[in-house]
Every structure is written in C-alpha cells, then in structure tokens.
*Asks:* 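Before we start, here is the structure in question, set down as structure tokens.
Worth saying up front: this structure is predicted, and the values here are computed from it rather than measured. Counting convention: from 1, in listed order, for ligands and their atoms alike. In what follows, residues are counted from 1 in the order of the sequence shown. Note that these values count all heavy atoms, side chains included, but never hydrogens, waters or copies made by symmetry.
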Amino acid sequence: MSLSRKPTKFIFVTGGVASSLGKGIVASGLGTLLVHRGINAEIMKLDPYLNIDPGTMSPFQHGEVFVTDDGAETDLDLGHYERFLHKPTSKAHNLTAGQVYENVIRKERRGDYLGATVQVIPHITDEVKRRIMTLARDKKAEVLIIEIGGTVGDIESLPFLEAIRQIPYDVGKANCIFLHVTLLPYLTGAGELKTKPTQHSVKALREIGIQPDALVCRTEVEMDPSLRRKIGMFCNVEERAVFESVNVQYIYEVPLMLHRQGLDDWTVKQLGMEAPEPDISDWENLISGIRSAKETVRIGVAGKYIDLQDAYISIYEALKAAAWQAGVKLDVCRIDSETEKEELAAELESCDGILIPGGFGPRGVEGKIFAANLARERKIPFFGICLGMQVALIAFARHVCGMEDANSSEFKEKCEFPVIDLMLEQKAVLDLGGTMRLGAYPMRIKPGTKAAQWYGTAETSERHRHRFEVNNSYRPRVEEKGLVISGTFEETDLVEMIEIPDHPWYVGCQFHPEFQSRPLAPHPLFRGFIDAAIKGMRAKGAGK
Ligand code: GLN
C-alpha cells in the first residue's frame, strides 16, 4: 500500500467584466459544498496589488482587514472562506504580488539565481506556484480552490494568470478546473441579458492561454436555457458547465443555489473524484429560520466608515449570526460617530443595543466616548470591540471615577490620565515600528462574570489587532468603582475584557471576536449581547 497522498486537485476562480461580482462568495459556496461531500477543500486568495498585505490600506480602499490566528492581516475574502467552510485560514492562504516580488528580490540579492536575469517568467511565476504548492501540501488539501483577485484584462493580474496557466502542465489537466465568474448585464431598454461582455472576457482569457471549463454568470434575472446554450457555444464551454449566480437575499443561500444547479456534482466528476451527495440541511435550516423570523432587533453600530458596506463586514455578519440563532432578524442602524451630540443621542436611543467597533486614529473618537457613556447611563446593551472597549474605559474613568482628562495616549499623548497607553517595552521600540499585537492569544476568564457565563469555559483564544492596551496602573481605581476585569492575558498581565455587572450587558473586549463567529456557530459574546438587546426590546414591547 502506498502511503503517499493523492495529488491535490485545483480549481482556479477568475473574474470577468467587472469587480464586485461575488467571486469570493461563489468560491466559498463551492468550497462549502465540497467540504459537505467529505472532501478536504481549502481556499486561497491571490491579490495582484503590490502591498505586502492590506494592513496598511484604508478601509476606503480595501474594506475590512481580516486577521488570522497566526497574525496575518489579510483580504476580507478570507473572512468569507472561514464563515462558509468553517475552518481557520492562515498567512499562507493569502498571497499578494507584493509578497511575491519581495521574496524574489530577496533571493536575487542573496545570489540564489546564480547569475540569471531575473524575470516575471519564470521567477515570479515560479514563486507564485511554489506558494500554491506549499499550501496544498501543508494542508494535505484534496482540492485547493484558488481565487485570483481583480478582473481578467488588468495588467496587474497577468503574472498570476500566467502562473495558473502553467499549473495543468505540472500536475495534469485532469486535476485542474478553470472557473470564470462573469457578468451578464441586464439592459432594461432591450429587456434582455447581454452576453457580449462575457464573450469578450473569455476571449481575453483565451488570449493568455486559459480556456475556462465552467462559467458562473452573475445575473439579476434567471437565464433561460437558450441563453445558456448560446454562451456555451460562443465561449467554448459545455452547456451543462454554464452556471448562474442570480441575486439572493442572503449570501448563505449561495451554496444552496449552486447545489441546485449541480455545480458540485459537475466539479467532482470533472476532477474524477468519488464523493457522496452533500448533506446541506444545516444551511437550509439556517435560511428557512431567517425567513420565518418575525421580530427584528435593532443594533446601532457607531463608527466612522458607516457608508462602507465592507469596512465592518465581519461585525455585521457576526451580529446577523447571533440574531438568527436567537430567531430574530437584524436591523443595523449605522451611526456616524461624528454626528452632532443631540442627534447622535436620539439615534443611539432608538436602538436596542449599541456596538462600537475597532478603529484607528482620533477622528470621531469623542462621539464614540459619548455613545459608550450614554449606553452605560441609559442601560442600553453595549458591546465595545477593541477601540470600542478602550472608549468605554475612557468614558468610565471620566464620568464614574472623576478622571476628567482620561484618554488614550493614541489620541492625547500628554493627557493627565492615560488609561489606555502603550506598554513600556512598546515605547522602547516605537521608533522601529512593528508594535502591533496581532493574531491569537489565550485569555483567562474570571468566574462568575458574563464572559464566563457565555463562553462556558475558563480559557479561550481570541484574535487581536491593536497597539494600545489598558494601563494597569489605573486598574485599582476603576475596579473600586465597579468595573470588572473579566478576561486577562496572564503571561504579561494584560486586560482582555471589561464589564459592568449592574447593567443588562455592558461588555468590552480588546480582541476581535467577530473573526471567529460563523453563521452556523455564532460567537458567544455576540450571542450574549444580542440576547440582552432582545430582552430589552421585548420589555419595551418593540421589535414587531
Ligand atoms: N487604535 C487602537 C489601538 O491601536 C484600537 C485598534 C482597534 O480597534 N483595532 O490599540
């Protein structure tokens, strides 16, 4: 008997015509179906930009930065992968052109290329392939889905496309699928879906040597069979391999929609694999549960990127997951923390719960401190995440402990009471940069607290992305006034969670619980928060 592992099969997902087609969701949807068929499937994202990672990019450019257990700052699509496939991703799951070039140039300086002229082909493309193969091997993936960022036709993504074009020659064509996600625009005037942009985008792919095996057409109205035939013929794709991704109300319907069309069946056969039909009743139950929910809980999210759908995407998904598990729908009220006080107060008070997400920089912070204070005084369920916890502590120090000039040294360096501050050893290396606390750290939970009640364990692990910490020298003063430190990182004695016992739910955490929440397994802290918000809503007789 051979002990060697069967070679990994590859599915390359490219995008055509326009961005924002939901390529990541389609890749995740297919991945979900494969996992439910018992296949060890993994997903990886290739990003064509030159940044090493999105950590330094503004949310306007890039939406949320998703953080993995091993402390990588990655593309938000990795959040979708984790929520759909229900397994953690890592640094190795997100490759950027910046990382590829950095590695190749480092090798060149070291003399690794032995006098060769270093070029895009083969050196950059080999580096891309090396990273893909390393992930496939390390994860013992039976199927590795590789999503290529950007749109076919962009200059940026060419080296990545060339790298994946070569892979069938390395591993055998029978082990690879090229799946192109494309757009079928609906022209109201003509009253029909247009196929020409798709034809041109497939033509662009073929010009660089890639013939797609399957198409997933993003469309607002369902395609009829004659259109499928036409697209198939013009794009040289079998008719039964032309799928559609039609608008759905909830993204978690996508696996169900793809399964109904037989995408997973086609994929498994195409790759010559044997795998039983998937049992997707958990996702079906989730969707039917959402549809039958009658009440709606209203949660205010007070931040500075309220117009951006993607800036707090994991927070929104975590709130939804918790609400759905509680059998209610979620209405998010996005509140701009820079709004003038009176209006801000009215908006906040119209909510059943208030959440303040993470953030960097001073803009809008005073509004967040105001919101945290209002939630405490009016006993509105409150959940502060990272910066949200820090402002809650500042509000408590100012208004309960009488430390009027309490602040974070991030916002006021020389304040009288820097209740949030850099650690001493961070100050020493500040000039060198690189002081962010990133990735998973263990947390010890204090018995008898809300944290202990909802986690149900004494210890857990949560992901971080921040620079500033609760200043331990002020702990006795705030504790004396009733603030409870309910979670700590014992090794260096850092505060991880705070809460106020005499309040329906006033909880803050230094970490980002939203990254570990899943639609089918909501995070305990989000559940606790939503539970309190629902209780308050019912007490008011609202929610209908
Ligand atoms: N700006 C704060 C810090 O660096 C909070 C960061 C965050 O909310 N992710 O500590």
*Asks:* Does any N/O atom on G361 come nearer than 3.5 Å to any N/O atom on ligand 1?
*Replies:*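 In this structure, G361 places no N or O atom under 3.5 Å from an N or O of ligand 1.
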
*Asks:* Can a non-hydrogen atom of Q390 be found less than 4.0 Å from any atom of ligand 1?
*Replies:*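 Checking ligand 1 against Q390, which is what was asked, there is a heavy-atom contact under 4.0 Å.
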
*Asks:* Which residue and non-hydrogen atom of the protein lie closest to atom 2 (C) of ligand 1, and at what distance in Å?
*Replies:*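 Closest protein heavy atom to atom 2 (C) of ligand 1: E410 OE1, 3.2 Å.
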
*Asks:* Do other residues, nucleotides or ligands put more than 12 heavy atoms under 6.0 Å from the NZ atom of K107?
*Replies:*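 Atom NZ in K107 is crowded, with more than 12 foreign heavy atoms closer than 6.0 Å.
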
*Asks:* Going by the atom numbers of ligand 1, which of them fall below 4.0 Å from some non-hydrogen atom of H512?
*Replies:*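 Within the 4.0 Å cut-off of H512, ligand 1 contributes 9 (N).
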
*Asks:* Which word best sums up how the rings of Y455 and H523 line up, parallel for under 30°, tilted for 30 to 60°, or perpendicular for over 60°?
*Replies:*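 Ring orientation, 0 to 90° scale: perpendicular.
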
*Asks:* Name the closest protein heavy atom to atom 7 (C) of ligand 1, giving the residue it belongs to and the distance to 0.1 Å.
*Replies:*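 It is C386 SG, 3.0 Å.
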
*Asks:* Which option wins on minimum heavy-atom distance to atom 9 (N) of ligand 1: R465, H466, E469?
*Replies:*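 Considering heavy atoms of R465, H466, E469, the nearest to atom 9 (N) of ligand 1 sits in R465.
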
*Asks:* Using a 3.5 Å cut-off on N or O atoms only, is G358 in polar contact with ligand 1?
*Replies:*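 Not met; the criterion fails.
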
*Asks:* Can you confirm whether or not the ring centre of F526 sits under 6.0 Å from the ring centre of F383?
*Replies:*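 That pair passes the under 6.0 Å test.
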
*Asks:* Salt-bridge test for D405 and K412: reply yes if a basic N is under 4.0 Å from a carboxylate O, no otherwise.
*Replies:*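 Counted as a salt bridge, because a side-chain N and a carboxylate O are separated by less than 4.0 Å.
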
*Asks:* Tell me, which protein residue and heavy-atom name are nearest atom 10 (O) of ligand 1, and how many Å apart are they?
*Replies:*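 Heavy-atom neighbour on the protein nearest atom 10 (O) of ligand 1: F468 N, 2.8 Å.
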
*Asks:* Flag the pair K540 and D352 as a salt bridge only when some basic side-chain nitrogen lies within less than 4.0 angstrom of an acidic carboxylate oxygen.
*Replies:*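 Salt bridge between K540 and D352, a charged N being under 4.0 Å from a carboxylate O: yes.
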
*Asks:* Does the side chain of Q510 come under 3.5 Å of the side chain of R437 through a donor N or O and an acceptor N or O?
*Replies:*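 No, R437 and Q510 have no side-chain donor paired with an acceptor closer than 3.5 Å.
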
*Asks:* Checking a contact table here: which protein heavy atom is nearest atom 5 (C) of ligand 1, and how many Å away?
*Replies:*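 Ranking protein heavy atoms by distance from atom 5 (C) of ligand 1, first comes G359 O, 3.3 Å.
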
